[in-house]
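Have a look at the structure below, then the notes.
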Protein chains: 2
Amino acid sequence: MEMVTSADNQQIETAKKLKKMFGHIDYKNPPEMCPVRDVLSLASDKWSILIILYLGFFPVLRFNKLKKYVYGISNKVLSERLKALESDGYLTRRMYAEVPIRVEYRLTNFGKNYVDKLIELTEWMQINSPKVLKNKKKFQVK
Amino acid sequence: MEMVTSADNQQIETAKKLKKMFGHIDYKNPPEMCPVRDVLSLASDKWSILIILYLGFFPVLRFNKLKKYVYGISNKVLSERLKALESDGYLTRRMYAEVPIRVEYRLTNFGKNYVDKLIELTEWMQINSPKVLKNKKKFQVK
DNA sequence: CAGAATCCCTTTTGATACTG
DNA sequence: CAGTATCAAAAGGGATTCTG
């Protein structure tokens, strides 16, 4: 008779995955070999997340529309992030030489795959953020 | 006879989830109601991710050990992140009044849950980061 | 309209030195 | 040890101007 709970199994699974992962993100590796540091850092940036989620929802968005949705972002940061996200392959930028000029941003297939991963994370965070805010308050009292 | 591919289904699922989510992260909401902006931004920070992953792998870590693993982090940022992550409920800090002093960090159950979510993201990123690096290079050539 | 460019200011880092 | 203190450098932010 086995006495292994599903929580135990989860722990074991987690440990296994982490072990495999740390072959790659080990601190002794050169920076290029640490995906968290060098790739995820852009993609998990708070502004990038919002940009990508909005582009996941609205298939096509223009600069000023994005700026309106990603509330609080500045021209500068938005245009920087868009360039970086394009360069990393998450989105495409299509320019139409009209007057006035029109520029459309949309996710690549790769970006769409990433959205699915992001959604899992943000859904979890949405469910759990009240818990975090409660923790934060409790901590301030101490 | 239905002609719906699994990719179609995924798209539909994604759209549904995003629609539900944007009730919360809408740009018109005050910042407190936007979990991405206010809660995920700490947790998805590049340093936070590395700290949490290492604490997922090594159940107990001390300050200098963490600093060694989370390669490149400065004293200041590490101690700031540890404070913030403790305050948000991801980890605990235990101090032993010995000489020399000893401080142990470990994940809370909440932090352990978060690790599972993080692993899904970082695993995906690990698989795909070569693609990203290739994109980046191609982009520079243009 | 979609930004790039500029200026200027604030915040966040990063590196190093220092202390209970 | 486990941090804080300090200070210089970088990144972010806001406002405004400019251009095709």
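Lettering of chains follows the sequences in order, A, B, ..., and the numbering in each one begins at 1.
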(request) May I have the distance from B:Lys67 (atom NZ) to C:dG14 (atom P), rounded to whole angstrom? (result) 12 Å
(request) Rounded to the nearest angstrom, tell me the gap between atom CZ in B:Phe63 and atom P in C:dT19. (result) 18 Å
(message) Side-chain N or O of B:Arg62 versus OP1/OP2 of D:dA2: is the shortest distance under 4.0 Å?
(response) yes
(message) How many whole angstroms separate atom CD1 of A:Ile51 from atom P of C:dA2?
(response) 15 Å
(request) Kindly point out which of D:dG12, C:dC1, C:dG3 is positioned nearest to the side chain of A:Val77? (result) D:dG12
(request) Quick one: label B:Tyr96 by what it contacts on the DNA or RNA (base, sugar-phosphate, nothing), any heavy atom closer than 4.0 Å. (result) nothing
(message) Between A:Lys83 and A:Glu86, does any NZ, NE, NH1 or NH2 come within less than 4.0 Å of an OD or OE carboxylate oxygen?
(response) no
(message) Between B:Ser79 and D:dG3, is there a contact of a side-chain N or O with OP1 or OP2 at under 4.0 Å?
(response) no
(request) Answer yes or no: does a side-chain N or O of A:Asn64 lie under 4.0 Å from OP1 or OP2 of C:dC1? (result) no
(request) Run the numbers on A:Lys67 and A:Asn64 for side chain to side chain donor-acceptor pair (under 3.5 Å), then give the verdict. (result) CA-CA 5 Å; A:Lys67 197 186 163 189; A:Asn64 281 326; 5.6 Å; no
(request) Would you indicate, yes or no, if C:dT13 has its OP1 or OP2 atom less than 4.0 angstrom from a side-chain nitrogen or oxygen of B:Arg81? (result) yes
(request) Classify the ring geometry between B:Phe58 and B:Tyr69 as parallel (under 30°), tilted (30 to 60°) or perpendicular (over 60°). (result) parallel
(message) Between P on D:dA2 and CG on B:Leu61, what's the gap in Å once rounded to a whole number?
(response) 11 Å
(message) I'd like to know if B:Leu82 and B:Ile101 are part of one continuous hydrophobic network [Ile/Leu/Val/Met/Phe/Trp/Tyr, side-chain heavy atoms within less than 4.5 Å].
(response) yes
(message) Applying a 4.0 Å non-hydrogen cut-off, can you work out what B:Lys83 is touching in the nucleic acid: base, sugar-phosphate, or nothing?
(response) sugar-phosphate
(message) Would the base of D:dT4 count as contacting B:Asn75 through its side chain, where contact means a donor and an acceptor less than 3.5 Å apart?
(response) yes
(message) From CD of B:Glu98 over to C1' of C:dG20, roughly how many Å is that when rounded to an integer?
(response) 15 Å
(request) Find which nucleotide of DNA chain D each of A:Trp47 and B:Pro100 is nearest to by heavy atoms, and output the residue with the more 5' nucleotide. (result) B:Pro100
(request) Measure the shortest side-chain to side-chain distance between B:Phe63 and B:Ser79 over non-hydrogen atoms and say whether it is less than 4.5 angstrom. (result) yes
(message) Rounded to whole Å, how long is the line connecting atom CG of A:Asp45 with atom P of D:dA11?
(response) 13 Å
(request) Kindly say if B:Tyr105 contacts the phosphate of D:dC1, meaning a side-chain N or O under 4.0 Å from OP1 or OP2. (result) no
(request) Can you tell me the distance, in whole Å, between the NZ atom of B:Lys68 and the P atom of D:dC1? (result) 11 Å
(message) If I take atom CG in residue B:Leu82 and atom C1' in nucleotide D:dC1, what distance separates them, rounded to the nearest angstrom?
(response) 14 Å
(request) Ignoring backbone atoms, test whether A:Arg93 places a side-chain nitrogen or oxygen under 4.0 Å from the OP1 or OP2 oxygen of C:dG3. (result) yes
